[in-house]
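I have placed the structure first, in the form of structure tokens, so that the comments after it can refer back to it.
Quick caveat, the model's predicted, so the values are computed rather than measured. Below, read A as the first sequence line, B as the second, and so on, with proteins coming before strands; counting in each chain starts at 1.
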Amino acid sequence: MIYLVTGVAGFVGSHLAEKLLAAGHSVCGVDKFLDNYPRRFKEWNLAQVSRHANFEFIEKDLVDLDLPALLRDVTCVFHQAAQPGVRSSWGEEFAAYTHNNILATQKLLEASKKSSIQKFVYASSSSVYGDTQDLPTRESGMTRPVSPYGVTKLSAEQLCYLYWKEFSVPTVSLRYFTVYGPRQRPDMFFHILMRAHLRGEEIPIYDDGKQSRDFTFCADIVDGNIAAAEYPGAGEVFNLGGGSRTTVEEVVHMVEQISGRKAKLKMLARQQGDVRHTAAELKLAREKLGFNPKVKLYDGLAQEWEWMQKIGA
Amino acid sequence: MPISQELLEILVCPKCKGEISLNPSGDGLLCDACRLMYPIRDDIPIMLIDEAIKLD
């Protein structure tokens, strides 16, 4: 079995590739090394898989690749590549979001149409829901993103559905709820929090700290992806969440406990595009994919803290 | 300006005199043996044990 993992040098993509290789599969990984954070992080993410005999790496933009040729021997596509980040998706930067999130997905779907792939798993986002009052949020709930990033993720998700409906491309979209763990991107909250805490600096807290998220550990997201690849159905959307809601304030307390030192906080105003609460309804994912998030927030945070210390991020 | 490769090659940990490496953010030099990180401020590595960040 050959699996294509796009965004393989990223946070989730690298963990997924490792798990697939460990299970005895072959992985073809694509990454364009977006300059959204230092390349060195991504090279470190790839360090382990790049030594594996069954791993092939292509450094290129998906839009410029000969995708039909690439998909010739591929069994399943895990499309993790994206231009991430909610706050940076406003203004001039939006063009990068349409290119990397919508156009790249459309090109990959177009190539999939003529291929014999058995599954196309798309990494969507809880940001497609926007500031919903429907908590825990169901997949059938209203999608009204509050950031341009969310709009592009939703567009790509709808393209996935469209290519299933019109051309029977076997797509499944997974809406990730705030993924965390070792290799988390440097612009994500836990990374920022732990980096500042490691250095004894002030931790920026946007809003009042009472906003909550359904935090999902990266290994659980990887398991959700593999379950989606094995799922016999298609044309569907599933939430992948950690199974519980925690406030930012509570997270800070946990990090204090893990590190054994008191955090210095700096309270800042709410940012445009931030939602107040997120919580995933996991009924569908549990029933259909057998998804069962295993890692408790405290344990997952401890693993991320250990990684942050190891790399001195 | 990022720290040059030439400079990196001649710098050692002031505590154990062992090898150091650049962290992924490019703003610290790591000594794995001592579990210390020497910060780089304004492109200048601060090679002082007292200023180092303890990583354990």
Top of A/Arg195, A/Met308, A/Glu43 for chain B proximity - count of heavy-atom pairs under 4.5 angstrom: A/Arg195
Got a sec: does the [atom1] of [X] have more than 12 other heavy atoms crowding it under 6.0 Å?
X        : atom1 : result
A/Glu59  : CD    : yes
A/Glu249 : CD    : yes
B/Glu19  : CD    : no

Most contacts with chain A, counted as non-hydrogen pairs under 4.5 angstrom, among B/Pro39, B/Gly26, B/Pro24, B/Gly28: B/Pro24
Pairwise distance CD(A/Gln309) to CE(B/Met37) - rounded to 0.5 angstrom: 10.5 Å
Separation between OG of B/Ser25 and CZ of A/Arg40, rounded to the nearest 0.5 Å: 9.5 Å
Structural part of A/Arg39 lying under 4.5 Å from a heavy atom of chain B: neither
For the student: nearest non-hydrogen atoms of A/Trp44 and B/Leu22, plus distance: CZ2-O, 3.7 Å
Side chain, backbone, both or neither of B/Leu36 within contact of chain A (heavy atoms, under 4.5 Å): neither
Under 3.5 Å: donor-acceptor pair, side chain of B/Asn23, backbone of A/Ile311: no
Criterion side-chain contact (heavy atoms from CB on, under 4.5 Å) on A/Leu198 and B/Leu55, from CA distance to verdict: CA-CA 7 Å; A/Leu198 193 63; B/Leu55 297 175; 3.9 Å; yes
Side chains of B/Asp27 and A/Arg199 in contact at under 4.5 Å (non-hydrogen atoms): yes
